[in-house]
There are 2 protein chains.
Amino acid sequence: MADKGAYAEGRPATIKDVAARAEVGIATVSRVFSGGSVSARTRERVRAAAEELDYRPSAVGRSLKTQRTGGIGLIVPDVTDPFYSDLMAGVLDCARSLGEHVVVDAAHGDPEREALIADRMMEQRVDGIVAVPMGGNEAWESVLRAGGNVVFADRESPAGGPAAPAVFTDDRAGVRSLVEYLVGLGHRRIAFLGAAGAGEAVGVREGAFRDTLAQRKVAIREDLMVVARPERDSAYAAAAGLLQGGADVSAVLASGHLLGEAAVLVARELDLRVPADVSIAMVGDVPWAELCDPPLTAVARPGHDVGYRACELLLRDRARRGRGGPVLVPTELLIRGSCGPPRGSRGR
Amino acid sequence: MADKGAYAEGRPATIKDVAARAEVGIATVSRVFSGGSVSARTRERVRAAAEELDYRPSAVGRSLKTQRTGGIGLIVPDVTDPFYSDLMAGVLDCARSLGEHVVVDAAHGDPEREALIADRMMEQRVDGIVAVPMGGNEAWESVLRAGGNVVFADRESPAGGPAAPAVFTDDRAGVRSLVEYLVGLGHRRIAFLGAAGAGEAVGVREGAFRDTLAQRKVAIREDLMVVARPERDSAYAAAAGLLQGGADVSAVLASGHLLGEAAVLVARELDLRVPADVSIAMVGDVPWAELCDPPLTAVARPGHDVGYRACELLLRDRARRGRGGPVLVPTELLIRGSCGPPRGSRGR
DNA sequence: CTGAAAGCGCTAACAT
DNA sequence: ATGTTAGCGCTTTCAG
């Protein structure tokens, strides 16, 4: 076989191998693959050589030269959570449309781990990071100082730090609409089932809950405000404590899908009929909400949109960032069958 | 301010900037960050300089030199599907423990898109790829030829091609145990609700279904073998067709969680009691299966394990790859409340 | 239109 | 222990 270049199988082909095989300079090969002007004849020769060698231009070589990797980082607490899955899908969709790839990692609610991941992504020289931050901003300040551009998703930028842009759902409005719906149904003894540790996000929901109740002149029952740790067991225990206590609760607003699940399970075990004995509603829609019997009324938080817009903000609107404050994505109240008038009300 | 090196803010600091500021050679800086021998005093000076500059060693520079990126690619059909979410979490866990990062993308069942993604990952020079392949092996052959190492997950290596190692769940055994359970309960008119287009995987399930029935001397009713397209609507229509036709079906085995969902919904709409009027079971466990009323009996397919082991196979056991054939991860039959003896049976 | 050469940030000899 | 230097694969002037 004619030896056009000493390329030997095993290691991926480089631009040099292709150049040698096509008997052109490496600059020409580069032009062929990054769109320079090359004569049709030469271009064909190069393509053929590349094909035979299974050549793929090395993104690392290119990145070193161009100082851009064409990749972004995505940090979520947990990839198996339906909301974050949706968010991830949104980021992926947007990134694809802008020709970037995505490095994903899960921090599992550990600020230290989150910082490590962010650091690593910075070393990777991603063009930007979309993060659902759990930690405070100490870690993120360092990233920001180093010139990293980051957009926070699903949470407001931690106060105090050099604010990064943020995209999140309008949970305040979501909870408000839900509470108003419940109050409108006649409920006065509404329990709030929240989770601790989720940072600011839950504070917002509880705040909106209290505010709306106050606005509607409904007394806030502190004994019906319970907060669980973010684990399944704790959620279950909290729900049990609430519902077992005697039928003083006419409705429960679960501030997350794990809490909602706990409420449904406990109600079923206690043989409480939903919504005849107790109404249940939750923040965060999930696939099983429709499969429940009865289907669960919920405030849908469009994770896909949040992810998409965060990515867009990161990549496309780099210029006008920070302007106009954080991006609020609207939620939607999905009224299904799990809420009704409280027992003993005059009905409708 | 004393001008230790002409570093100017804005662009990320390089090894040179740090070297200048610490007044050492660049090799020394490199040693500090990649574990060479450096005197404690010097090491400290370098650390300090790096800190002030927010220096992070560039992975792209390093990768170019070492020919390893320390990253792997993961290609799934859909990141929002619970099974693939689990699989992803498994890959992430394993990758983390081995110090690699993960580039994720979703192919959405489009072989062309899948090929594009794989190609891009090869350009990225990932150290390997874990893929849930939808396309045939044409695309993958090119990847393999170029020296890429790939492990298939959740599907057998496409026949004919240069086989890559594969890790998947033992669906054959899973379906068999489910069918045997159903037959043991007394069912003779069992419907199979499958989905087309999912490649080999579904074929295996249908095959196991038929084989087990034959083995147990139960006649296979071709009119009860229905196959839907992988969309929600089609699944729903198929389930409706099956259950409406008259109560000739005593149990339905849904070959996937979308199908199971459809079956549950249809049964509810038709006011069929589960399991009194009809038993329902499905392949693939999902969170909502426990929340159903009654909770759904299902064959759990451990996505996390599949992902973890695939990643391990890719990264750790590179040596003994191919030996011993594909890795089978066991499934588990989760008996819950959705299956009972058929109507009109003598009961227990 | 094409080739030669510099250099992106880093590591690994090799020299001191 | 530390500095010098030669590339890794690529893009991009700058000549021709």
Side-chain angles (χ1 to χ4, degrees), chain A residues 5-7 10-47 49-50 53-70 120 122-127 146-147, chain B residues 5-7 10-47 49-50 53-70 120 122-127 146-147:
Chain A
Y7 171 73
R11 138 203 70 116
T14 77
I15 198 172
K16 266 193 213 161
D17 301 318
V18 178
R21 180 152 192 131
E23 296 176 303
V24 298
I26 63 169
T28 302
V29 177
S30 172
R31 284 186 194 104
V32 168
F33 285 95
S34 31
S37 64
V38 185
S39 80
R41 240 174 53 80
T42 313
R43 177 177 303 270
E44 222 15 75
R45 280 237 309 290
V46 172
R47 284 216 179 289
L53 265 28
D54 285 306
Y55 170 72
R56 284 174 182 75
S58 160
V60 10
R62 175 191 285 113
S63 296
L64 187 55
K65 183 65 186 178
T66 61
Q67 301 291 62
R68 300 191 61 257
T69 54
R120 169 117 197 220
M122 289 301 285
E123 295 191 357
Q124 241 39 64
R125 296 295 189 268
V126 293
D127 295 345
Chain B
Y7 172 72
R11 138 202 72 113
T14 76
I15 199 172
K16 266 193 212 163
D17 300 319
V18 178
R21 178 152 194 134
E23 296 175 303
V24 299
I26 61 169
T28 303
V29 178
S30 172
R31 285 186 194 104
V32 169
F33 285 95
S34 29
S37 66
V38 184
S39 81
R41 239 174 53 77
T42 312
R43 178 178 302 270
E44 221 15 75
R45 280 238 308 290
V46 171
R47 284 217 179 289
L53 265 28
D54 286 306
Y55 170 71
R56 283 174 183 76
S58 160
V60 11
R62 177 195 279 104
S63 297
L64 187 55
K65 182 64 186 176
T66 62
Q67 301 291 60
R68 301 189 61 256
T69 54
R120 169 114 196 220
M122 289 300 286
E123 294 191 357
Q124 240 41 63
R125 295 296 190 267
V126 292
D127 295 344

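Every chain is numbered from 1, with letters handed out A, B, ... down the list of sequences.
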Under 4.0 Å, counting only non-hydrogen atoms across every strand here, what does [X] touch: a base, just sugar-phosphate, or nothing?
| X | answer |
| --- | --- |
| Ser63(B) | nothing |
| Phe33(A) | nothing |
| Gly25(A) | sugar-phosphate |
| Val60(A) | nothing |

Between atom [atom1] in [X] and atom [atom2] in [N], what is the gap in whole Å?
| X | N | atom1 | atom2 | value |
| --- | --- | --- | --- | --- |
| Ile26(B) | dC8(C) | CD1 | P | 11 Å |
| Gln67(A) | dG9(C) | CD | P | 5 Å |
| Lys65(B) | dG7(C) | NZ | C1' | 15 Å |
| Lys16(B) | dG7(C) | NZ | P | 9 Å |
| Ile15(A) | dT12(D) | CD1 | P | 11 Å |
| Glu123(B) | dT11(D) | CD | P | 10 Å |
| Glu44(B) | dA1(D) | CD | C1' | 17 Å |
| Arg68(A) | dC10(D) | CZ | C1' | 16 Å |

Would you check if [X] and [Y] make a side-chain contact, meaning some heavy-atom pair closer than 4.5 Å?
| X | Y | answer |
| --- | --- | --- |
| Arg45(A) | Glu23(A) | yes |
| Arg125(A) | Gln67(A) | no |
| Thr69(A) | Gln124(A) | no |
| Pro57(B) | Arg62(B) | yes |
| Thr28(B) | Arg31(B) | yes |

Presence of [X] side-chain N/O under 4.0 Å of [N] phosphate oxygens OP1/OP2:
| X | N | answer |
| --- | --- | --- |
| Thr28(A) | dT2(C) | no |
| Ser30(A) | dG9(D) | no |
| Thr66(A) | dT11(D) | no |
| Ser39(A) | dC1(C) | no |

Starting the side chain at C-beta, find the nucleotide from [options] nearest to [X].
| X | options | answer |
| --- | --- | --- |
| Ser37(B) | dC1(C), dT2(C), dT2(D) | dT2(D) |
| Val24(B) | dT2(C), dC8(D), dG3(D) | dG3(D) |
| Leu64(B) | dT11(D), dT2(D), dC8(D) | dC8(D) |

Worksheet item: Can you find an N or O donor on one side and an acceptor on the other, under 3.5 Å apart, linking the side chain of Arg31(B) with the base of dG3(D)?
Response: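 Yes, a donor-acceptor pair under 3.5 Å.
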Worksheet item: Relative to the 5' end of DNA chain D, which residue comes earlier, Ala27(B) or Pro57(A), by the nucleotide with the nearest heavy atom?
Response: Ala27(B)
Practice prompt. For Asp54(A) and Ala13(A), indicate whether the former's side chain and the latter's backbone hold a donor-acceptor pair under 3.5 Å.
Written response: no
